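Working notes for the structure below.
Atoms considered below: every heavy atom in the structure, side chains included; atoms not considered: hydrogens, waters and symmetry mates. Predicted model, so just to flag it, every value in this text is computed and none were measured.
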Amino acid sequence: TGALGLVLGHPFDTVKVRLQTQTTYRGIVDCMVKIYRHESLLGFFKGMSFPIASIAVVNSVLFGVYSNTLLVLTATAHQERRAQPPSYTHIFLAGCTGGFLQAYCLAPFDLIKVRLQNQTEPMAQPGSPPPQYRGPVHCAASIFREEGYRGLFRGAWALMLRDTPTMGVYFLTYEGLCRQYTPEGQNPSSATVLVAGGFAGIASWVAATPLDVIKSRMQMDGLRRRVYQGVLDCMVSSVRQEGLGVFFRGVTINSARAFPVNAVTFLSYEYLLRLWG
């Protein structure tokens, strides 16, 4: 299910990354038209193989850490959680813990995805210059060779700063909406789970977008030469050059993608919980 959501959401993600890191596009539609015209439909799916390979691991880290942290904080098993719901503070803390550890696992995969998505060359055409990276493995090897082991974790701090609080917001929104529309002690209906999951996705992406922009820029930094000294320097110079609006670049497309992807993610999470419970 995570992989299905990812395939559906990846074209939007490519447009978002381009809007955040390149200034050649006038907006979402302009970006989509240019990608299609110059790189064909395949251009929207650049960098997708690594996220698909890692989605199961990343999701299981996030949801596994979240569930187990709640277990430690509340000493309440999954089965009893509807009868004795955990406090919102515990939900937020468990979400933050999951987000922090997920970011650490995700950092190299995310970096490679962003580098591949930013390649504007058309897919291999005879006579055209080859793109800098031929694929995810070549990209990983090139970064390792040119920038060392630390190069694979470029932008990791921004990723952790993005995911730690926003995963707290994510689970908090989800649980809050489920409780609002579910009779006490009962499991939420599939419709409730889908809507709550979708809105949780939107809430977390609205909160995440400012640091998402910074993360994408930090990941592209160092391709030719270092532009930013660190996260703070990247924030300051981005605002100085493009105004405060830079922090919300890609927020519309992030939110549009977040609803269906996270609705499906939570539905499968609840299903698995009941299967094991």
Requested in this report: Show the numbers, then the answer: is there a side-chain contact (heavy atoms from CB on, under 4.5 Å) between Thr97 and Met167?
Outcome: CA-CA 8 Å; Thr97 310; Met167 287 300 123; over 6 Å; no
Query raised in the report: In terms of side-chain geometry, is the basic nitrogen of Glu146 or Arg115 positioned less than 4.0 Å from the acidic oxygen of its partner?
Result: no
Query raised in the report: Among the clusters formed by ILVMFWY side chains lying less than 4.5 Å apart, do Phe12 and Val7 turn up in the same one?
Result: yes
Query - Gln102 vs Cys105 side-chain heavy atoms within contact, under 4.5 Å - result: no
Query raised in the report: Going by an N to O cut-off under 4.0 Å, is there a salt bridge joining Arg154 and Asp221?
Result: no
Query raised in the report: Using the benzene-type ring in the case of Trp, are the ring centres of Phe171 and Tyr66 under 6.0 Å apart?
Result: yes
Requested in this report: Compare all side-chain heavy atoms of Val57 with those of Phe109 and state whether any distance is below 4.5 angstrom.
Outcome: no
Output a table of donor-acceptor pairs, distance under 3.5 Å, between side-chain atoms of residues 204-212 and any protein atom two or more places apart or on a different chain; print 'none' if there are none.
from, atom 1, to, atom 2, distance (Å)
Ser204, OG, Ala200, O, 3.2
Ser204, OG, Gly201, O, 3.0
Thr209, OG1, Trp205, O, 2.6
Thr209, OG1, Asn254, ND2, 3.4
Asp212, OD1, Arg162, NH1, 2.7
Asp212, OD2, Lys16, NZ, 2.9
Asp212, OD2, Gln20, NE2, 3.1

Requested in this report: Heavy atoms only: give me the nearest Gln119-Pro131 pair and the separation to one decimal.
Outcome: NE2-CB, 3.7 Å
**Report entry** Tyr88 six-ring face occupied by Arg179 cation (under 6.0 Å, within 45°)
**Finding:** yes
Query raised in the report: Taking the side chain from Ser40 and the backbone from Tyr36, do they hold a donor-acceptor pair closer than 3.5 Å?
Result: no
Query raised in the report: How far does CG of Asp233 sit from CE of Met218, to the nearest 0.5 angstrom?
Result: 8.5 Å
Query - Shortest non-hydrogen contact from Phe259 toward Phe199 - result: CE1-N, 3.8 Å
Query raised in the report: Between Ser190 and Leu267, is any pair of side-chain heavy atoms under 4.5 Å apart?
Result: yes
Query raised in the report: Is atom CZ of Phe100 surrounded by more than 12 heavy atoms (other residues, nucleotides or ligands) closer than 6.0 Å?
Result: no
Query raised in the report: Is the backbone of Thr120 close enough, under 3.5 Å, to the side chain of His38 for a donor and an acceptor to pair up by distance?
Result: yes
Requested in this report: Kindly indicate whether the side chain of Ile214, heavy atoms from C-beta on, has any atom under 4.5 Å from the side chain of Tyr228.
Outcome: no
Query - Spacing of NZ belonging to Lys113 relative to CD1 belonging to Ile52, to within rounding of 0.5 Å - result: 12.5 Å
Requested in this report: Could you pull out the closest heavy-atom pair between Leu106 and Asp163, with the gap in Å?
Outcome: CD2-OD2, 4.1 Å
Report summary line: Value for SG (Cys139) from CG (Leu111), rounded to nearest 0.5 Å, stands at 6.5 Å
Report task. Under the side-chain contact (heavy atoms from CB on, under 4.5 Å) rule, what do Ile112 and Tyr133 come out as? Steps first, then yes or no, please. Result -> CA-CA 10 Å; Ile112 289 157; Tyr133 304 122; over 6 Å; no
Query raised in the report: Is any side-chain heavy atom of Leu62 closer than 4.5 Å to a side-chain heavy atom of Val58?
Result: no
Query - Pair Glu39 + Lys46, salt bridge at N-O below 4.0 Å - result: yes
Query raised in the report: Which atom pair, heavy atoms only, marks the closest approach of Ile35 to Thr14?
Result: CD1-CG2, 4.4 Å
Query raised in the report: Below 4.5 Å, heavy atoms only, C-beta onward: do Met235 and Phe247 meet side chain to side chain?
Result: yes
Report task. Mind checking the CG-NE2 spacing from Leu6 to His10? Nearest 0.5 Å is all I need. Result -> 7.0 Å
Query raised in the report: Below 4.5 Å, heavy atoms only, C-beta onward: do Gln241 and Thr23 meet side chain to side chain?
Result: no
Requested in this report: Step through it carefully: locate the ring centre of Tyr104, locate the ring centre of Phe153, and say whether they are under 6.0 Å apart.
Outcome: yes
Requested in this report: May I ask you to decide if the ring planes of Phe266 and Phe63 are parallel, tilted or perpendicular, using 30° and 60° as cut-offs?
Outcome: perpendicular
Query raised in the report: Side chains of Cys96 and Phe92: does their closest heavy-atom pair fall under 4.5 Å?
Result: yes
Query raised in the report: Considering all heavy atoms of both residues, which atom of Arg217 and which atom of Ser238 are nearest to each other, and what is their separation?
Result: NH1-OG, 3.1 Å
Query raised in the report: Is there a donor-acceptor contact under 3.5 Å linking the side chains of Tyr170 and Asn262?
Result: yes
**Report entry** Heavy-atom pair with the smallest gap, counting every atom of Thr192 and Leu177
**Finding:** CG2-O, 4.4 Å
